[in-house]
Amino acid sequence: MGKTVKNDELKNKLAKKAENTPAPGKTLKALLQDQSVKNRFNELLGKKSAGFISSLLNVVNSNPQLQAADPHSILSAAALAAALDLPIDPNLGFAYIVPYNVRQGDAHILKAQFQLGYKGYIQLAMRTGAYKTINATEVYEGEIKNYNRFTGEFEFGERESDKIIGYIAYFKLLNGFEKYLYMTVEEIERHAKRYSKSYNNNNSLWKQDFHAMALKTVIKRLLSKYGILSIEMQTSLLADQAVVRQDEEGNIDYEYPDNITLDEEYYIVHDEEKTEEHHSKSENNEEKETTDQISIEA
């Protein structure tokens, strides 16, 4: 069953009139000098816009593949991070702009993909004011003694070794509701292989930083299944690992070069009647398009 997300608030933040849209063919540096782009980031970030743009240039300049990527896709990914008010410095781990090599027929197109880190999910959850605490961590051998699948409760024990056997996410709301989600290392690996086409690529996030991606997986699944989701959190679930596209009327669309179906438990569509169309397009994309992540910022 699909979930409907009303994304009007974010769309209004990112929307631009057609006459203010930067001309195609410009470099990223030229795009950032465009007055309409400056105005957009000023609207999103206020006094923080100059620092954000400087950080964006640093991220791109430190990554040769991002320098070669479609600058409009970089700008769209950055605008989304700005709308969520999350830093894009990869060393901080909140949000990333990642270059992907998208193959369509015989052509190869480098595009920038927006990716949210597990710290970004925690940050957005805390902003809602509904969470008393939220966390994700690794689990060592011996630390889980028993799990009650009927109540979702865990009985915890003492660490017996340095072997990591799984990852667990937890939150407690101010009203007292609490929930855990635990996955073994093997379950996370199966999940990654199924939903990330770039899993076996040595430059993928999964290969470069399995720990951070495992933490993100459990926190994302926990929040999407049981959490209180603000508009920002709903948007982040939709936009995570997507190439963000925006038309001249300000309508936002997401292209998923890596995980076609987003997640087996969290489908988001703009309208309920588009659910069938969403699945049909996913099947067609799987046949026509293959992708390969060639670089990361982690």
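If you read the sequence from its start, that first residue is 1, and numbering goes on from there.
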Answer with yes or no whether the hydrophobic clustering places Y182 together with V185; edges join I, L, V, M, F, W, Y residues whose side-chain heavy atoms lie under 4.5 Å apart.
no

With sequence neighbours excluded, residues passing ring-ring contact (aromatic ring centres under 6.0 Å, His included) with [X]:
X    : value
F114 : none
F210 : W206
F94  : none

Give a yes-or-no answer on whether the side chains of Q35 and N39 include a donor-acceptor pair shorter than 3.5 Å.
yes

Does one side chain, of Q115 or Q113, offer a donor that lies under 3.5 Å from an acceptor on the other?
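Yes, side-chain donor-acceptor contact under 3.5 Å.
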
List in chain and number order the residues that pass salt bridge (Lys or Arg N to Asp or Glu O under 4.0 Å) with K47, two or more places apart in sequence or in another chain; answer none if no residue qualifies.
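Scan of K47 (salt bridge (Lys or Arg N to Asp or Glu O under 4.0 Å), adjacent residues dropped) gives none.
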
Scan for salt bridge (Lys or Arg N to Asp or Glu O under 4.0 Å) pairs involving residues 68-84, sequence neighbours excluded, and state none if there are none.
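Listed once each, the pairs would be none.
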
Sequence neighbours left out, what pairs pass salt bridge (Lys or Arg N to Asp or Glu O under 4.0 Å) with at least one residue falling in residues 76-97?
K48-D85

Parallel, tilted or perpendicular: ring planes of Y170 versus Y180, cut at 30 and 60 degrees
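Geometry flag for Y180 against Y170: tilted rings.
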
Centre-to-centre under 6.0 Å for F41 and F52, is that the case here?
yes

Charged N-O contact under 4.0 Å between R159 and E143
no

